[in-house]
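Have a look at the structure below, then the notes.
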Protein chains: 2
Amino acid sequence: MSQSTLLNYTHSKPLIQTVPYFHALDDDALRDVAQEMVERRYQIGELIFMEGEPDAGLHLVAEGHCKVYRLSEGGREHVLATLGPGDSCNEVPVVDGGPNPANFAALEDSTVWIISAEALQRLRRKHPALNDMIIKNLAMRCRQLVKRVYNLSFLSVTGRLAAFLLERSDEHSALSRRTWTQDEIAAHLGTVREMVARAFKELNAAGLIVVDRHRIEIVDREGLAKLV
Amino acid sequence: MSQSTLLNYTHSKPLIQTVPYFHALDDDALRDVAQEMVERRYQIGELIFMEGEPDAGLHLVAEGHCKVYRLSEGGREHVLATLGPGDSCNEVPVVDGGPNPANFAALEDSTVWIISAEALQRLRRKHPALNDMIIKNLAMRCRQLVKRVYNLSFLSVTGRLAAFLLERSDEHSALSRRTWTQDEIAAHLGTVREMVARAFKELNAAGLIVVDRHRIEIVDREGLAKLV
DNA sequence: GGCCCCATGAGACAAAAGTCACATACACTT
DNA sequence: AAGTGTATGTGACTTTTGTCTCATGGGGCC
C-alpha cells in the first residue's frame, strides 16, 4: 500500500493551479482545496480503488497515467477512460453516495490527489464555484459515455478503431502518448487483440493508415471519418 | 409544431411539487422555477428535439412517456432511456453549452416542461439547491450509461434481456407500464427484433420466465440474475 | 552475438449476432 | 364474421466476432 501525505499549501499550489479542473477557482478556494487533498503514489499496475466498494473519494491524477475500467465475468477488460495529469475521476460516488462505478489502476508510476466526499461537500458549500466544475465534469463524462454506447451498438470493430485513431491523433499525424499495445486498444474498444490486429490490417489495406514499424500514420482522415 | 404556454404559479405548483426532481426545493424556489417553465404538448410519435442541434433546454416529462434515443447510419435505433412523469433529460447541453447528445420523441401524447439554459443559469445562481439536483441527476445518468456500456460490451443479447426484465419488474411479478413490443425492447438492448424473440424463447426454455399471452412472468429471479 | 520475452501476424474454427423470408397469431375495424 | 394491419415465431443463411494455436520478429539483456 502507498503511504499518504498531507499536502501543505506551498507544496500543492503550484501544481494545483495547472489543473484545468481548478481553473475557475480563486486563490482562496484553491488554498482550501489544497488543504483537503491527500497525495498518494501508486506503482505501475497497482490497483487504486475497486468498483462496488464504498466511495473512494474524488481522484485527480497529478503525474503518470491511470485507467478507469470494468471487468467481465470472464476476466475481459473494458477501459472506460485513460487519465493523465489534470484528469479527474470518481465524482459520481462522491456526489451520490453510492459505490465506485468502476475500477481505477495505475498504468505507470503515478501520483494522485484524493479529496474525500465529506471534504468536497464542505468545500462545495464554501466555494460554490466547485459545483460548476463538478457539473461540467459530469456532463463531459456523460457525453463520452453516450458516444461509447453509440460506438458499441452501431459500429464494427474496424469502425471503433477508426474512431479511436481519429480521437487521439493531432492533425494528420501519429498517435500521441506512449505507444499503445493492441491489447490495450482492444480493451478500449471492447473487443480482443486479434480483432484489433485484423482491423489494423483492414484499414491499412484500404489505404487509410500506414503502419511503419509500430508507428501508425493516418493517411486519409476523411476516409477514417466515413467509417464512424 | 406544438404551441407553448407560459405556466403561472397556481397552475404548475401542484404538479411541480410532485416531481422528485424538485423535492429539495423550498416554495420560493419552486415558484421561481415554475415561472421559467414553458409547457409544451406533443403527439404520439412526435419528435421533441434532435441530436446535434443547439441546446434545446432542460426537459421534464409531466405526462405521458418519451424516449431518448440515437440512430445509426443504417437507421437502427438505440433507446438510451424511456422517461415518464417526473423524469428529466437534456441537462448535459444545458450545463455545457454543447449540442443535444441524443434525440427525444414522444411515445404517447405527452406534456413536457422546458426550462431554457439561460433561465436555469439564473435559477441556479438564485437557488443553489438546484445545483445539487443537477449534479444528482447527471450522476445517475452516468451510472446508467456505465451499466449500459458494461452490458453492451460483456453480455449476450440473452443476458441483456435478462437484465432488462429484472430492471423493470417489481418483486416476482410481470412487466410494469404498457406492454413492450419486441421491436421496442430490441431498441433498448441495442439489437434487432429477431434476436429478442430468440432470447425470450431461450429464457422460457430455461424455465426462468413464463410467457402467457403477451404477459411475461418472471419465475426465477436468481436464475435471471445469474445471466447478467 | 545469442537468448528470451513480449508483441504481433495469421489461419482454422466456433459461436454469436444480424439478415431475409415467410408463416402465424392477434387485435381492432367494418 | 370477415378482413386488415401489426406483432410475433421461426428457419436458413451470412457476417461478424471471439477462441485457440502457433509462427514471426524486434528489443533489450546477458
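It should be emphasised that the depicted structure is a prediction, and the values quoted were computed from it without experimental measurement.
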Subject >> N/O donor-acceptor pair under 3.5 Å between A/Asn103 side chain and A/Glu51 backbone >> reply: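 Confirmed, A/Asn103 side chain pairs with A/Glu51 backbone.
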**OP:** State whether the side chain of B/Asp109 and the backbone N or O of B/Gly64 hold a donor-acceptor pair below 3.5 Å, judged by distance alone.
**Re:**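 Checked: no pair found.
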Cut-off 3.5 Å, no hydrogens considered: what does the side-chain donor-acceptor table look like for residues 189-200 of chain A, sequence neighbours left out?
none

Original post:
Between B/Ile185 (CD1) and D/dG9 (C1'), how many Å, whole number?
Top reply: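 Computing the B/Ile185:CD1 to D/dG9:C1' distance gives 15 Å.
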**OP:** Send over the distance from B/Arg215 CZ to C/dA25 C1', rounded to a whole Å.
**Re:**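 Those two atoms, CZ and C1', are 19 Å apart.
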Subject >> Sequence-distant partners of B/Val68, side-chain contact (heavy atoms from CB on, under 4.5 Å), two or more places apart >> reply: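 Partners of B/Val68 by the side-chain contact (heavy atoms from CB on, under 4.5 Å) criterion, ordered by chain and then number, come out as B/Leu80, B/Ala81, B/Leu83, B/Cys89, B/Ala102, B/Phe104.
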**OP:** Name all residues meeting the side-chain contact (heavy atoms from CB on, under 4.5 Å) criterion together with B/Ser72; count only those two or more places apart in sequence or in a different chain, and write none if there are none.
**Re:**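 So B/Ser72 forms a side-chain contact (heavy atoms from CB on, under 4.5 Å) with A/Phe154, B/Arg76.
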**OP:** Check whether any side-chain nitrogen or oxygen of B/Gln182 sits under 4.0 Å from OP1 or OP2 of D/dG9, and answer yes or no.
**Re:**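 Yes, within the criterion.
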Subject >> Residues in side-chain hydrogen bond (donor to acceptor under 3.5 Å, both in side chains) contact with B/Asp96, at least two apart in sequence or another chain >> reply: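 With neighbours one apart ignored, the set is A/Arg143.
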**OP:** Specify the residues of residues 191-204 of chain A, ordered by number, for which at least one heavy atom lies under 4.0 angstrom from an atom of DNA chain C.
**Re:**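 DNA chain C contact set from residues 191-204 of chain A: A/Arg193, A/Glu194, A/Arg198, A/Lys201.
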Original post:
When you measure from every atom of DNA chain C, which of residues 146-162 of chain A have a heavy atom less than 4.0 Å away?
Top reply: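 Hits under 4.0 Å, by residue number: none.
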Original post:
For DNA chain D, whose closest nucleotide is more 5', that of A/Gly190 or that of B/Asp183?
Top reply: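 It is B/Asp183, whose closest nucleotide lies nearer the 5' terminus.
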**OP:** Answer yes or no: is there an ion pair linking A/Arg70 with A/Glu77, defined by an N-O contact shorter than 4.0 Å?
**Re:**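 Answer for the salt bridge query: no.
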Original post:
Are A/Arg215 and A/Glu217 ion-paired here, with the side-chain N under 4.0 Å from a carboxylate O?
Top reply: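 No, A/Arg215 and A/Glu217 are not salt-bridged.
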